[in-house]
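Right, one structure below, let's go through it.
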Amino acid sequence: MSEQSPLDLAEGDPFGPHNLPYGVFTTADEPERRRLGVRIGDHVLDAGAAALALGSPYADLLAQPDLGPLLAAGRTAWRDVRRALTAWVTVPAHRPDIEPLLHPVGAVTMHLPYDVADYVDFYASENHATNVGRIFRPDGDALTPNWKHLPIGYHGRAGTIVVSGTDVVRPSGQRKTPADAAPVFGPSVKLDIEAEVGFLVGTPSELGSPVPLDAFRDHVFGLFLLNDWSARDIQAWEYVPLGPFLGKSFATSVSAWVTPLEALDAARTAPPARDVEPLPYLDDASDEEPGGFDLRISVAINGHVVAEPPFASMYWTAAQQLAHMTVNGASLRTGDLYGSGTVSGPEVHQRGSLLELTWNGRDPIDLPDGKRTFLEDGDEVTLTAWAPGPDGVRVGLGEVTGRIVPAS
Ligand SMILES: O=C(O)/C=C/C(=O)CC(=O)CC(=O)O
Ligand SMILES: [Ca+2]
Ligand SMILES: [Mg+2]
């Protein structure tokens, strides 16, 4: 029998041919040459080299240093390229060409795979919004009066989006608790995470033309894990009345792998029942494809799982968020990225932030190395996730990880 090929995957491998997420990598031999890669099992296929070796018409889209050209090429190209890639990693006759172009994932360096255009972050989990409302505004209603009428969001800082594995410097800033007579300045003492899912826009839209709910798949290429690092002490003091600013803009970490929406067809699921009928541009009741995604997220600090937030519980869908953020005529650009908002389910162990898990520090959680309220220097936070795929096989969403280093 011949030696085992990296393309002979164990049954149920979450990175099988049903998945094929995209990323950008360099090798130790050529650390300056960024290349588009597609993950298969524990290997990265040099997608551009494969396209050239096989004389593929998609070499123009794949033999590139990032995902930009493929993102801009649009939905038909996304589908056709995915079909070609599927054939390259599954048809035995291609093996002699493909096998030499596979690199072990552990041997390559991954990079941010796209140029981030604009970055928006939403607030779409009813459980998260209710918890945060109770913590930050104990005297008011937990949900603001607009919450069930529109997906609340804010514009974040595109330039500080970093790829998984990048260290996060503890931010400094102003904070003032009600007990303080005056604000103080210093490193954040309430550094937190937010477990989220990010959506990557490929196809742009025209200024002045809203993108309707049913055009979601024409514009959004794929999704990935996102950690919206948040300094709760800075945030609580600065956010009234314009919303999050420096408490969140110091870094946002994203997964190195983007999973195409087509890999997640089996994960589509209906969002929770709406208790308020949305305005027509947000009304997805008659959509044939359910708007939610059944993604099972896991949050670990220093390798210890602290939460398992269920993305299926999100109230507002990614399609509704896209429709809302363009309904005023704001245009989309290739590389626009938007976050779902913190994912928190109804149970305590399903909360996607330490703010909620520890109730703003009141109830510390236990880690093997001691108690935590918020993050300490040296802590490493890793989000992982999977989704149901075809025939009961899981779709692996990879991970987004980052370690806290002391304030500069
Ligand atoms: O309710 C507030 O004042 C703010 C809550 C957040 O932290 C906003 C945010 O980042 C949205 C989210 O991730 O759900
Ligand atoms: Ca957030
Ligand atoms: Mg952030």
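Atoms within each ligand, like the ligands themselves, are counted from 1 in listed order.
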(request) Using a cut-off of 6.0 Å, state whether more than 12 heavy atoms not belonging to Glu277 lie near its atom CD. (result) no
(message) Please give the atom name: the N, O or S atom of Glu194 nearest to the Ca ion (ligand 2).
(response) OE1
(request) Specify the protein heavy atom at minimum distance from atom 4 (C) of ligand 1: its residue, its atom name, and the distance to 0.1 Å. (result) Gln235 NE2, 3.4 Å
(request) Return the name of the atom in Asp121, of element N, O or S, nearest to the Ca ion (ligand 2). (result) OD2
(request) Using a 4.0 Å heavy-atom threshold (strictly under), name the region of Phe122 that reaches ligand 1: side chain, backbone, both or neither. (result) backbone
(message) Under 6.0 Å between ring centres: does that hold for Trp147 and Tyr315?
(response) yes
(message) Is the contact between Val132 and ligand 1 made by the side chain, the backbone, both, or neither, using heavy atoms and a 4.0 Å cut-off?
(response) side chain
(message) Using a 4.0 Å cutoff against the non-hydrogen atoms of Glu196, which atoms of ligand 1 qualify?
(response) 13 (O)
(message) What protein heavy atom lies closest to atom 9 (C) of ligand 1? Include the residue and the distance to one decimal.
(response) Lys248 NZ, 3.6 Å
(message) With carbon and hydrogen excluded and only N/O/S kept, which atom of Asp228 is nearest the Ca ion (ligand 2)?
(response) OD2
(request) May I ask you to establish whether Arg157 and Tyr119 are in a cation-pi arrangement, using a distance under 6.0 Å from NZ or CZ to the six-membered ring centre and at most 45° from the ring axis? (result) no
(message) Within the 4.0 Å heavy-atom shell around Arg232, which atoms of ligand 1 are there?
(response) 7 (O)
(request) Identify, by name, the N, O or S atom of Glu196 lying closest to the Ca ion (ligand 2). (result) OE2
(request) Starting from atom 3 (O) of ligand 1, find the nearest protein heavy-atom neighbour and note its residue, name and distance. (result) Arg137 NH1, 3.0 Å
(request) Identify, by atom number and element, the atoms of ligand 1 in contact range of Tyr239, meaning under 4.0 Å from any of its heavy atoms. (result) 3 (O)
(message) Angle between ring planes, Phe293 versus Phe311, binned at 30° and 60°: parallel, tilted or perpendicular?
(response) tilted
(message) Any non-hydrogen side-chain atom of Asn19 less than 4.5 Å from a side-chain atom of Trp386?
(response) no
(request) Give, for atom CG of Leu282 and atom NE2 of His149, the distance between the pair rounded to the nearest 0.5 Å. (result) 11.0 Å
(request) Check Arg232, Arg372, Arg170 against Asp192 for a salt bridge (charged side-chain N to carboxylate O under 4.0 Å, His left out) and give me the one that passes. (result) Arg232
(request) First locate atom OG of Ser255, then atom CG of Leu383, and finally report the distance between them rounded to the nearest 0.5 Å. (result) 9.5 Å
